[in-house]
Amino acid sequence: MTVLAVPAAPAQQPPWPDPEHAATVRGLLADRPPLVTWSECADLLTALAAAHRGERLVVQAGDCAERFADAEDGPVTARLDHLDALADQVRAATGAPCVAVGRIAGQYAKPRSAPTETRADGVVLPAYRGDLVNAPEPTPEVRRPDPGRMVTAYDCAAFVLAHLRARTAGRPPQERLHTAHEALVADYEQPLVRTHRTGRYASSGHLVWIGDRTRDCDGWHVHWAAGVDNPIAVKIGPSTTTSDAVRLSRLLNPDGVPGRLTFVARLGARYAGRMLPDLVAEVARRGAPVLWLCDPMHGNTVRMRGGAKTRPVEAIHDEVTGFVRALRHRRLPPGGLHLEVAPDEVTECLAVPADAPAVPDRVAQPRYTSACDPRLSPTQARDLVAHFTRLL
Ligand code: PEP
Ligand code: CO
């Protein structure tokens with residue numbers, strides 16, 4: 001394990017109004033059983049190593065922000081059905097089993113670009129930081145961060161995992177589904193670290209990722225992830241320099257284990273073609289082994305009239321095209337897709353051309369139910385996966 005200087009306070013943490021309550025909850029979580037097992041994480045590592053060799057593709061997909069209210073039989077079944085359908089589609093197109101990873105069973109904490117949100121009527125509220133911290137309804141009471149919600153997050157994740165295991169119990173390991181979430185809130189993640197005969201692991205999910213806002217090489221999140229043995233992913237946004245990327249790869253994969261580290265490029269259609277060939281080449285030349293996935297969602301977000309976010313489907317397709325070209329150019333396997341998807345026919349991402357003249361209108365998006373970022377509907381997700389596998 002790499003020894004790093006212990007960094008300053010972690011970025012993007014909830015401003016708990018009652019820090020003693022947070023300390024009590026850390027104790028409760030430390031006493032709970034692990035949510036996932038070491039061997040499940042090891043199985044995912046093996047699958048990701050196969051993706052690293054170009055033998056399998058990865059589809060990582062799910063909500064931007066999972067809701068506690070969706071920890072119920074119906075919504076969980078719909079999400080797992082959708083993930084299975086996308087994995088089946090990839091298998092049918094490639095002839096190899098897909099590595100299926102949900103943004104699920106723990107995707108309850110959100111980083112924010114601003115600590116507050118100004119409503120249309122001028123009222124300023126604390127930002128919604130995911131159900132693990134507060135609730136999205138626009139009232140000061142529910143936006144107040146509540147450490148007790150971390151226990152509910154644990155319980156909801158346990159419920160979703162029970163569903164996932166019941167569904168895949170009889171399947172061979174390469175056809176199981178895996179869980180993943182952004183490891184953001186230190187007070188939740190740290191107490192759930194468990195030791196195993198051969199190492200330490202984050203027991204909060206199979207794969208954990210570091211977001212684009214918290215990937216500072218000297219920050220808490222990278223330091224923490226370097227100390228656990230799960231498969232780790234890092235979001236790579238347009239401000240990532242080649243030296244950042246090389247350094248991250250070495251810090252997070254010092255032993256050079258294939259499958260241990262995934263970089264999820266989320267550069268935006270405009271930058272993917274320009275930036276990615278150099279990033280990929282420099283990491284391959286000077287860094288540790290990395291599997292590259294494409295998140296074509298987060299770099300292509302635009303605001304509609306009224307302020308809500310959307311994403312033009314055309315830009316999403318273009319970023320996938322740029323990603324495949326860049327990886328192919330460097331003779332590396334395009335590892336797969338990282339997507340925000342809904343299990344029902346939402347109208348959150350825009351079907352109009354990216355260069356349509358008018359600012360899109362929220363009124364034209366009647367089924368917009370995401371608590372955070374706009375997701376692809378099942379039809380849009382299927383079309384995008386088809387576009388990706390056609391390019392290959
Ligand atoms: C996300 O995946 O929802 C997210 C916040 O992504 P990023 O860190 O890439 O902005
Ligand atoms: Co998101």
Side-chain angles (χ1 to χ4, degrees), residues 10-14 58-67 70 79 101-115 117 127-133 136 153 179-185 189 205 207-217 219-222 224-225 232-240 244-245 248 252 262-272 275-276 279 292-303 308-312 315-316 319-320 323 336-342 346 348-349 368-377 380-381 384:
Q12 290 279 349
Q13 298 307 292
V58 180
V59 170
Q60 186 177 7
D63 289 298
C64 178
E66 268 185 296
R67 304 300 317 277
D70 288 333
R79 281 162 175 78
V101 186
R103 292 175 57 111
I104 201 164
Q107 182 50 19
Y108 295 118
K110 299 307 300 171
R112 302 318 309 235
S113 40
E117 171 192 340
Y128 171 57
R129 289 174 182 271
D131 276 15
L132 184 143
V133 177
T179 66
H181 67 273
E182 177 171 352
L184 181 71
V185 175
E189 299 296 342
L207 177 148
V208 285
W209 79 81
I210 302 172
D212 188 46
R213 292 170 185 78
T214 50
R215 59 168 167 71
D216 176 1
C217 289
W220 181 88
H221 293 85
V222 170
W224 174 82
I232 299 290
V234 185
K235 293 288 205 88
I236 300 293
S239 66
T240 317
D244 288 339
L248 276 168
L252 290 169
T262 298
F263 279 177
V264 183
R266 38 83 86 221
L267 301 167
R270 272 192 291 164
Y271 300 105
M275 284 184 65
L276 204 50
L279 274 176
W292 285 90
L293 301 187
C294 175
D295 165 359
M297 315 289 297
H298 287 87
N300 295 307
T301 310
V302 295
R303 295 272 174 186
K309 294 181 202 171
T310 191
R311 290 161 171 163
I316 292 171
E319 180 155 359
V320 170
F323 171 79
L337 300 176
H338 177 122
L339 307 174
E340 289 185 343
V341 299
V346 295
E348 296 175 6
C349 293
Y368 195 119
T369 54
S370 177
C372 198
D373 290 339
R375 302 160 299 174
L376 297 169
S377 71
Q380 290 171 332
L384 186 64

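Both ligands and their constituent atoms are indexed starting at 1 by order of listing. What you see is a predicted model; the values in this text were computed from it and never measured.
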- prompt: At a 4.0 Å threshold, what atoms of ligand 1 neighbour a non-hydrogen atom of Pro111?
  reply: 5 (C)
message: Would Lys110 count as a polar contact of ligand 1, with the cut-off being nitrogen or oxygen pairs under 3.5 Å?
response: yes
Distance-only donor-acceptor check, side chains His181 and Glu189, under 3.5 Å: yes
query: Which residue supplies the protein heavy atom nearest to atom 8 (O) of ligand 1, what is that atom called, and how far is it?
result: Asp212 N, 2.8 Å
Protein heavy atom at shortest distance from atom 1 (C) of ligand 1: His298 NE2, 2.9 Å
field: Side chain His221, main chain Leu184, donor-acceptor under 3.5 Å
entry: yes
query: Which atoms of ligand 1 have any heavy atom of Glu340 under 4.0 Å away?
result: 1 (C), 2 (O), 3 (O)
Near the Co ion (ligand 2) (under 2.8 Å) - protein N, O or S atoms: Cys64 SG, His298 NE2, Glu340 OE2, Asp373 OD2
message: Heavy-atom pairs closer than 4.0 Å: do any link ligand 1 to the side chain of Ala65, the backbone, both, or neither?
response: neither
Arg311 bridged to Glu348 by N-O distance under 4.0 Å: no
- prompt: Do you see a donor-acceptor pair shorter than 3.5 Å between the side chains of Glu340 and His298?
  reply: yes
- prompt: Is the backbone of Gly237 close enough, under 3.5 Å, to the side chain of Asp212 for a donor and an acceptor to pair up by distance?
  reply: yes
- prompt: From Thr179 OG1 over to Gln107 CD, what is the distance, rounded to the nearest 0.5 angstrom?
  reply: 11.0 Å
- prompt: What atoms of ligand 1 come closer than 4.0 angstrom to any heavy atom of Arg103?
  reply: 1 (C), 2 (O), 3 (O)
- prompt: Any Lys/Arg nitrogen of Arg103 or Glu66 sitting under 4.0 Å from an Asp/Glu carboxylate oxygen of the other?
  reply: no
field: Residue Cys64 vicinity, atoms of ligand 1 by number, heavy atom under 4.0 Å
entry: 3 (O)
- prompt: Do any N or O atoms from the side chain of Arg112 and from the backbone of Tyr128 form a donor-acceptor pair under 3.5 angstrom?
  reply: yes
Only distances under 3.5 Å count here; give the side-chain donor-acceptor pairs of residues 263-272 to other protein atoms, sequence neighbours excluded, each with its distance to 0.1 Å.
none

message: If the cut-off is 4.0 Å to any non-hydrogen atom of Gly211, which atoms of ligand 1 fall inside it?
response: 8 (O)
Trace of the side-chain contact (heavy atoms from CB on, under 4.5 Å) decision for Leu207 with Ile232: CA-CA 6 Å; Leu207 177 148; Ile232 299 290; over 6 Å; no
query: Which atoms from ligand 1 have a heavy atom of Lys235 less than 4.0 Å away?
result: 1 (C), 2 (O), 4 (C), 6 (O), 7 (P), 8 (O), 9 (O)
- prompt: Would a distance-only check, ignoring hydrogens and angles, find a side-chain to backbone donor-acceptor pair under 3.5 Å from Gln60 to Gly102?
  reply: no
message: Taking 4.0 angstrom as the limit and counting only heavy atoms of Arg213, give me the atoms of ligand 1 inside it, by number and element.
response: 5 (C), 10 (O)
query: In ligand 1, which numbered atoms sit nearer than 4.0 Å to a non-hydrogen atom of Arg266?
result: 7 (P), 9 (O), 10 (O)
- request: Could you tell me whether Gln107 and ligand 1 have an N or O pair separated by under 3.5 Å?
  value: no
- request: List the steps, then state whether salt bridge (charged side-chain N to carboxylate O under 4.0 Å, His left out) holds for Arg79 with Asp63.
  value: CA-CA 9 Å; Arg79 281 162 175 78; Asp63 289 298; 2.7 Å; yes
